[in-house]
Participant: 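This is the structure, below, for whatever I ask next.
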Amino acid sequence: MDLIARLRAGLPGEAILTDPDVTGSYAHDMASFCKAGTPAVVVLPRTVEEVQHIMRTATELRIPVVPQGARTGLSGAANASDGCIVLSLVKMDRIIEINPVDRIAVVEPGVINAVLSRAVNEHGLYYPPDPSSWEECSIGGNIGTASGGLCCVKYGVTAEYVLGLDVVLADGRLLTTGRRTAKGVAGYDLTRLFVGSEGSLGIVVRAVLALKPEPPQQLALAAEFPSTAAACQAVCEIMARGHAPSLLELMDRTSIRAVNDMAQMGLPDSTEALLLAAFDTPEPAADLAAVGKLCTAAGATEVVPADTAAESDLLLQARRLTLTALERVKSATMIDDVCVPRSRLAEMLDGTAAIAEKYGLTIGVCAHAGDGNTHPTVCFDAADPDESRRARESFDDIMALGLQLGGTITGEHGVGVLKKEWLARELGPVGVELQRGIKDVFDPLGILNPGKLF
């Protein structure tokens with residue numbers, strides 16, 4: 001019995017896609033410079049039992065399986081390999097439970113981040129992880145890549161909100177990890193092991209997520225600086241003084257210019273860096289005033305605090321428009337994801353500017369400054385082979401700079417295909433050996449998302 005016939009034995013017909021024009025549209029995520037193969041079939045299960053059937057079939061036939069969510073990733077982690085089964089989890093999109101007493105939500109992997117966030121808000125609760133693609137990205141994809149977002153400076157990343165998982169293993173067995181309780185230390189923390197594993201250890205089919213009480217509406221301020229060094233000094237002072245902003249974002253000169261050109265935001269040409277801070281504390285105005293003084297002391301030329309939520313949204317508009325504005329600069333972009341210690345943030349931004357000059361490219365940087373997580377965006381003409389080469393080389397130089405400064409090659413986008421060579425450099429030979437050993441325990445045949453991470 002061939003692959004398709006075996007799949008049909010346990011899946012409804014509409015869950016199996018074989019038309020090459022259709023399956024080809026599932027071949028890759030949103031990353032540039034990442035090879036993608038041609039899948040043999042795309043399957044869209046709706047139940048745990050259907051996922052188990054798919055994995056048993058794949059194990060019996062020794063066929064690779066590439067799990068996918070909404071394919072908004074930026075590392076190629078969801079890219080197909082030749083002849084694989086693409087296992088799309090978008091149809092498993094139920095919010096099973098929201099429990100205000102235990103402060104948890106139980107969801108399937110295809111639930112969209114923003115849908116969950118709005119649903120828990122109706123109960124006076126809050127699910128903090130908020131990737132920029134939150135209106136499109138799925139919870140399963142967030143778990144697979146250990147994604148972050150704008151609020152991480154105060155609330156942390158996805159891993160800190162995943163209490164338990166149901167995972168279908170490579171051979172079709174169902175594993176339950178973690179707990180529903182606020183505390184629990186029984187055994188090895190397998191839940192954390194799956195978070196960020198990019199579908200290489202198992203297929204997440206259910207997640208127990210921690211929730212928080214919904215915070216007050218945040219207020220924001222914008223501070224203009226004559227240099228990135230001054231803006232980064234303000235970031236260091238804000239964090240050193242014990243402030244807990246719900247958002248602390250930075251835009252460099254290139255990003256500011258791009259947003260100005262697109263949306264006529266009216267920021268002065270002399271602005272070299274824009275720092276955006278927000279607080280969702282009981283008295284956000286007082287917190288903004290204290291941070292505003294620190295910004296002024298660090299050299300800010302203008303500090304504009306908001307009085308209302310509507311004014312805050314206007315101040316934050318520039319940050320939200322950054323990627324869209326940079327995409328207008330050239331036909332293609334590569335978005336890096338290097339995270340460095342906050343104390344080295346200025347060196348990271350200045351070093352990136354030097355790399356842009358070295359390669360004759362436009363590279364705009366926006367950053368989750370409170371985390372030290374920078375997103376240098378390389379703008380280039382994909383139709384120009386030389387410019388594409390320079391873009392890729394500059395991307396590598398940026399990662400090398402991040403490691404040199406004591407950072408990591410990825411703070412929230414994951415490794416996938418794009419950064420697998422750099423992962424080995426960061427982990428070192430002993431780290432790679434142990435991580436490959438873990439992979440072999442969960443996936444001895446090597447059929448789960450092959451070619452990713454290692």
Participant: So how far is it from Phe395 CZ to Ile363 CD1, rounded to the nearest 0.5 Å?
Facilitator: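 Answer rounded to 0.5 Å: 10.5 Å.
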
Participant: Measure the CG-CZ distance between Leu221 and Phe279 for me, rounded to the nearest 0.5 Å.
Facilitator: 7.5 Å

Participant: Using a 4.5 Å cut-off on heavy atoms from C-beta on, say whether the side chain of Phe225 contacts that of Ser270.
Facilitator: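 SC-SC contact between Ser270 and Phe225 ruled out.
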
Participant: Do the side chain of Asn260 and the main chain of Gly266 share a donor and acceptor less than 3.5 angstrom apart?
Facilitator: yes

Participant: Under a 4.0 Å N-O cut-off, is there an ion pair linking Asp313 with Arg320?
Facilitator: yes

Participant: Considering only NZ, NE, NH1 and NH2 on the basic side and carboxylate oxygens on the acidic side, decide whether Asp29 and Arg71 come within less than 4.0 Å.
Facilitator: no

Participant: Would you call Arg206 and Ile96 a side-chain contact if the rule is heavy atoms closer than 4.5 Å?
Facilitator: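 Heavy-atom side-chain distance check passes, below 4.5 Å.
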
Participant: Would you sort out whether Arg425 and Met399 count as a side chain to side chain contact (heavy atoms under 4.5 Å, CB included), showing the intermediate values?
Facilitator: CA-CA 10 Å; Arg425 300 192 199 190; Met399 285 190 285; over 6 Å; no

Participant: Give a yes or no on whether the backbone of Thr281 and the side-chain of Asp287 come within a donor-acceptor separation of less than 3.5 Å.
Facilitator: no

Participant: Checking side-chain contact (heavy atoms from CB on, under 4.5 Å) between Ile139 and each of Asn113, Val115, Val162, which is the one that passes?
Facilitator: Asn113

Participant: Got a sec: does the CE of Met262 have more than 12 other heavy atoms crowding it under 6.0 Å?
Facilitator: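 Atom CE in Met262 is packed in, count exceeds 12.
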
Participant: Counting only heavy atoms not in Lys91 (residues, nucleotides, ligands), do more than 12 fall under 6.0 Å from its NZ?
Facilitator: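 No, not enclosed.
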
Participant: Can you see whether Thr158 engages Asn142 through a side-chain donor-acceptor pair at a distance of less than 3.5 angstrom?
Facilitator: no

Participant: Ignoring hydrogens and geometry beyond distance, is a side-chain donor-acceptor pair present between Ser147 and Glu412 at under 3.5 Å?
Facilitator: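 There is no such pair (donor and acceptor under 3.5 Å, judged by atom type) between the side chains of Ser147 and Glu412.
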
Participant: Nearest 0.5 Å, please: how far is OG1 in Thr333 from CD in Glu327?
Facilitator: 5.0 Å

Participant: Report yes if some heavy atom in the side chain of Ile203 is under 4.5 Å from a heavy atom in the side chain of Leu89; otherwise report no.
Facilitator: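 Yes, side chains in contact.
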
Participant: Any luck finding a side-chain donor-acceptor pair between Asp280 and Tyr155 under 3.5 Å?
Facilitator: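 Side-chain D/A pair, Asp280 to Tyr155: present.
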
Participant: Would you name the heavy atoms of Ile238 and Leu294 that are closest together and state the gap between them?
Facilitator: CA-CD1, 4.0 Å

Participant: So that I can tick it off, tell me whether Glu97 and Arg180 are bridged by a salt bridge, with the cut-off set at under 4.0 angstrom between side-chain N and carboxylate O.
Facilitator: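 Counted as a salt bridge, because a side-chain N and a carboxylate O are separated by less than 4.0 Å.
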
Participant: For a quick test of reading the model, state the closest non-hydrogen atom pair linking His123 to Ile98 and the distance between them.
Facilitator: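 In this case the closest contact between His123 and Ile98 is CD2-CG2, 3.8 Å.
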
Participant: Between Glu347 and Arg344, does any side-chain N to carboxylate O distance fall below 4.0 Å?
Facilitator: yes

Participant: Can Asp93 and Arg46 be counted as an ion pair, charged N to O under 4.0 angstrom?
Facilitator: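 The answer is no: the pair does not qualify as a salt bridge.
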
Participant: Given Thr352 and Thr374, is the side chain to side chain contact (heavy atoms under 4.5 Å, CB included) satisfied, shown in steps?
Facilitator: CA-CA 10 Å; Thr352 300; Thr374 67; 5.8 Å; no

Participant: Hey, are the side chains of Ile112 and Glu136 touching, using non-hydrogen atoms and a 4.5 Å cut-off?
Facilitator: no

Participant: How close do Leu326 and Ala258 get, counting heavy atoms only, and between which atoms?
Facilitator: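 In this case the closest contact between Leu326 and Ala258 is CD2-CB, 3.9 Å.
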
Participant: Run the salt-bridge test on Glu237 and Arg241 with the 4.0 Å N-O cut-off and return the result as yes or no.
Facilitator: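 Salt bridge between Glu237 and Arg241, a charged N being under 4.0 Å from a carboxylate O: yes.
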
Participant: Can you confirm whether the side chains of Ser200 and Asn449 place a donor and an acceptor under 3.5 Å from each other?
Facilitator: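 No, Asn449 and Ser200 have no side-chain donor paired with an acceptor closer than 3.5 Å.
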
Participant: Passes side chain to side chain contact (heavy atoms under 4.5 Å, CB included), Asp397 versus Leu401? Steps please.
Facilitator: CA-CA 6 Å; Asp397 278 10; Leu401 174 63; over 6 Å; no

Participant: Any Lys/Arg nitrogen of Glu198 or Lys452 sitting under 4.0 Å from an Asp/Glu carboxylate oxygen of the other?
Facilitator: no

Participant: Check whether any side-chain N or O of Ser312 sits under 3.5 Å from a backbone N or O of Thr308 as a donor-acceptor pair, and report yes or no.
Facilitator: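 Such a contact is found between Ser312 side chain and Thr308 backbone.
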
Participant: Answer yes or no: is there a side-chain heavy-atom contact under 4.5 Å between Leu423 and Ile409?
Facilitator: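 Yes. Closest side-chain heavy atoms under 4.5 Å.
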
Participant: Hey, is CD on Glu135 packed in by over 12 heavy atoms from elsewhere, all under 6.0 Å?
Facilitator: yes

Participant: Whether the side chain of Ser88 engages the backbone of Val43 through a donor-acceptor N/O pair (distance < 3.5 Å, no angle test) should be reported.
Facilitator: no

Participant: Using a 4.5 Å cut-off on heavy atoms from C-beta on, say whether the side chain of Arg319 contacts that of Thr322.
Facilitator: yes

Participant: Can Arg118 be said to sit on top of Trp134's aromatic six-ring, NZ or CZ under 6.0 Å from centre and within 45° of the ring axis?
Facilitator: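 Yes - Arg118 lies over the ring of Trp134, closer than 6.0 Å to its centre and within 45° of its axis.
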
Participant: Taking atom types as modelled and ignoring hydrogens, do the side chains of Asp252 and Thr228 form a donor-acceptor contact shorter than 3.5 angstrom?
Facilitator: no

Participant: Once you round to the nearest 0.5 Å, how far does CD1 of Ile355 lie from CD of Glu393?
Facilitator: 12.0 Å

Participant: Within the 4.5 Å heavy-atom criterion, are Val378 and Leu361 side-chain neighbours or not?
Facilitator: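 Yes, close enough: below the 4.5 Å cut-off.
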
Participant: Between Ser81 and Gly37, is there a donor-acceptor pair closer than 3.5 Å when you use the side chain of the first and the backbone of the second?
Facilitator: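 Here the side-chain-to-backbone pair does not exist.
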
Participant: Tell me every residue that passes side chain to side chain donor-acceptor pair (under 3.5 Å) with Arg179, counting only those two or more places apart in sequence or in another chain.
Facilitator: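 Arg179: no side chain to side chain donor-acceptor pair (under 3.5 Å) contacts found.
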
Participant: Between the side chains of Ser388 and Asp381, does any donor sit under 3.5 Å from an acceptor?
Facilitator: no

Participant: Have Asn373 and Asp337 got a donor and an acceptor in their side chains that come within less than 3.5 Å?
Facilitator: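 A pair is found: one side chain offers a donor N or O, the other an acceptor, under 3.5 Å apart.
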
Participant: Salt bridge or not between Lys419 and Asp336? Use side-chain N to carboxylate O under 4.0 Å.
Facilitator: yes

Participant: Please report the closest heavy-atom contact between Leu125 and Pro100, naming both atoms and the distance.
Facilitator: CD1-CA, 3.8 Å

Participant: First locate atom CG of Leu453, then atom OG of Ser197, and finally report the distance between them rounded to the nearest 0.5 Å.
Facilitator: 7.5 Å

Participant: Does any non-hydrogen side-chain atom of Pro284 lie less than 4.5 Å from one of Gln218?
Facilitator: no

Participant: When rounded to the nearest 0.5 angstrom, what is the spacing between OG in Ser132 and NE2 in His368?
Facilitator: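 So the gap between those two atoms works out to 5.5 Å.
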
Participant: Between Asp386 and Arg390, does any side-chain N to carboxylate O distance fall below 4.0 Å?
Facilitator: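 A salt bridge is present here (some side-chain N lies under 4.0 Å from a carboxylate O).
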
Participant: Say whether, by atom type as modelled, one donor and one acceptor occur between the side chain of Ser32 and the main chain of Met334 under 3.5 angstrom.
Facilitator: no

Participant: So, for Val235 and Ala369, which heavy atoms are closest and what is the spacing to 0.1 Å?
Facilitator: CG1-O, 3.6 Å

